[in-house]
Amino acid sequence: DTEVTQTPKHLVMGMTNKKSLKCEQHMGHRAMYWYKQKAKKPPELMFVYSYEKLSINESVPSRFSPECPNSSLLNLHLHALQPEDSALYLCASSQVPYDYGYTFGSGTRLTVV
Amino acid sequence: SQQGEEDPQALSIQEGENATMNCSYKTSINNLQWYRQNSGRGLVHLILIRSNEREKHSGRLRVTLDTSKKSSSLLITASRAADTASYFCATSGSRLTFGEGTQLTVNP
């Protein structure tokens, strides 16, 4: 298995909702990432997990809460989002150390209404 | 903040022509990577070049790296309509940081 699987592919949520994005890989990668991408812009790093521990938080607002239950799964819990949080959320994984290419999922298109 | 700058921002060519995209970066790197993204989809890793390498080939792709100028280029030879996508360079230090990207359109 050489894929990163993200669910759901599309999500529409209200500003008072709580939802979660899920990401799964079975390549044995021990680093996993969340990126946020706005239209016509490059992906921006949000969080890095290394060996299931949070190693980088790029000053992301607390309404985004990551979780890494095991070496294959990565979640992003969403609560009280704003319309400007609407974006494509990409999950990726890689080997550790970080000297290898990343494998990206196809993303979750999030719309906050 | 994003480290890389890419030029051109957009490139339109005919099928069969070569496409060259350039990337500049600001800090020291472990390696530089190129990714392709089809509209609204995930990124696909194309090629990685390490800081001690100067040139690398993969199929129709050729990547060069000049660490003294902090720049890299991606050449796609004999382009096809299916190569239409956004192309991003990304520098790897403590994290992978993407450039602004080049939108390539290959016209049939």
Side-chain angles (χ1 to χ4, degrees), chain A residues 2-11 21 23-25 27 29 31-50 54-60 74 86-111, chain B residues 1-11 21 23-26 28-53 56 58 61 63 65 72 74 85-105:
Chain A
T2 58
E3 290 186 344
V4 172
T5 302
Q6 288 189 245
T7 56
K9 292 193 185 305
H10 300 275
L11 178 63
L21 310 184
C23 175
E24 189 169 3
Q25 58 89 14
M27 295 175 282
H29 289 171
M32 296 185 76
Y33 313 84
W34 282 114
Y35 280 82
K36 172 183 177 181
Q37 186 178 27
K38 302 284 273 185
K40 299 190 185 301
K41 302 297 281 184
E44 295 181 353
L45 183 65
M46 300 175 72
F47 303 105
V48 178
Y49 273 84
S50 178
L54 183 65
S55 60
I56 295 177
N57 175 344
E58 293 282 40
S59 302
V60 178
L74 185 66
S86 298
L88 181 67
Y89 288 85
L90 294 161
C91 174
S93 70
S94 74
Q95 298 181 44
V96 178
Y98 311 103
D99 210 23
Y100 299 90
Y102 288 20
T103 302
F104 279 83
S106 57
T108 294
R109 175 72 61 189
L110 174 68
T111 303
Chain B
S1 63
Q2 299 301 316
Q3 168 162 240
E5 294 183 4
E6 294 183 58
D7 93 275
Q9 291 187 339
L11 179 61
M21 290 160 267
C23 167
S24 61
Y25 58 92
K26 298 175 183 174
S28 61
I29 60 172
N30 294 330
N31 64 62
L32 186 142
Q33 305 176 29
W34 285 88
Y35 289 80
R36 183 187 74 227
Q37 185 177 35
N38 290 88
S39 179
R41 308 299 295 167
L43 286 86
V44 175
H45 179 255
L46 296 176
I47 195 165
L48 179 153
I49 186 166
R50 302 193 187 284
S51 59
N52 61 354
E53 297 176 307
K56 202 161 184 179
S58 177
L61 305 180
V63 169
L65 179 64
S72 174
L74 171 67
S86 293
Y87 291 81
F88 294 94
C89 69
T91 52
S92 177
S94 60
R95 62 204 68 194
L96 194 65
T97 304
F98 287 86
E100 292 295 317
T102 293
Q103 173 60 50
L104 173 66
T105 302

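In what follows, chains are A, B, ... by sequence order, proteins preceding strands, each numbered from 1. Because only heavy atoms are used, hydrogens play no part in the values below, and waters and symmetry mates are left out as well, while side chains stay in.
Rounded to the nearest 0.5 Å, atoms OH (A/Y33) and CZ (B/R95) are 11.0 Å apart. Atom CG of residue B/L43 and atom OH of residue A/Y35 lie 9.5 Å apart, to the nearest 0.5 angstrom. Here the straight-line distance linking atom CD of A/Q37 with atom CZ of B/F88 works out to 5.0 Å at 0.5 Å rounding. Atom CG of A/L45 is separated from atom CG of B/L96 by 8.5 Å, given to the nearest 0.5 angstrom.
With sequence neighbours left out, B/Y87 forms a side-chain hydrogen bond (donor to acceptor under 3.5 Å, both in side chains) with no residue at all.
Pairs passing the salt bridge (Lys or Arg N to Asp or Glu O under 4.0 Å) check and including a residue from residues 37-49 of chain B, sequence neighbours excluded, do not occur.
Heavy atoms of other residues, nucleotides or ligands lying less than 6.0 angstrom from CD of B/E53 number more than 12. Atom NZ of A/K38 sits in a crowded spot, with more than 12 heavy atoms from other residues, nucleotides or ligands closer than 6.0 Å.
Neither the backbone nor the side chain of B/Q103 comes within contact range of chain A; no heavy atoms are under 4.5 Å apart. Using a 4.5 Å cut-off between heavy atoms, A/Q6 makes no contact with chain B at all.
Comparing A/T103, A/V4, A/L88 by heavy-atom pairs within less than 4.5 Å of chain B, the highest count is held by A/L88. Chain B forms more heavy-atom pairs under 4.5 Å with one residue of A/K9, A/R109, A/E58, A/K40 than with any other, namely A/E58.
For A/Y100 against B/Q33, the heavy-atom pair with the smallest separation is O-NE2, 3.4 Å. Here the closest non-hydrogen pair linking B/G99 and A/P42 is O-CB, 3.0 Å.
Distance alone, capped at 3.5 Å, is enough to place a donor-acceptor pair between the B/Y35 side chain and the A/Y102 backbone.
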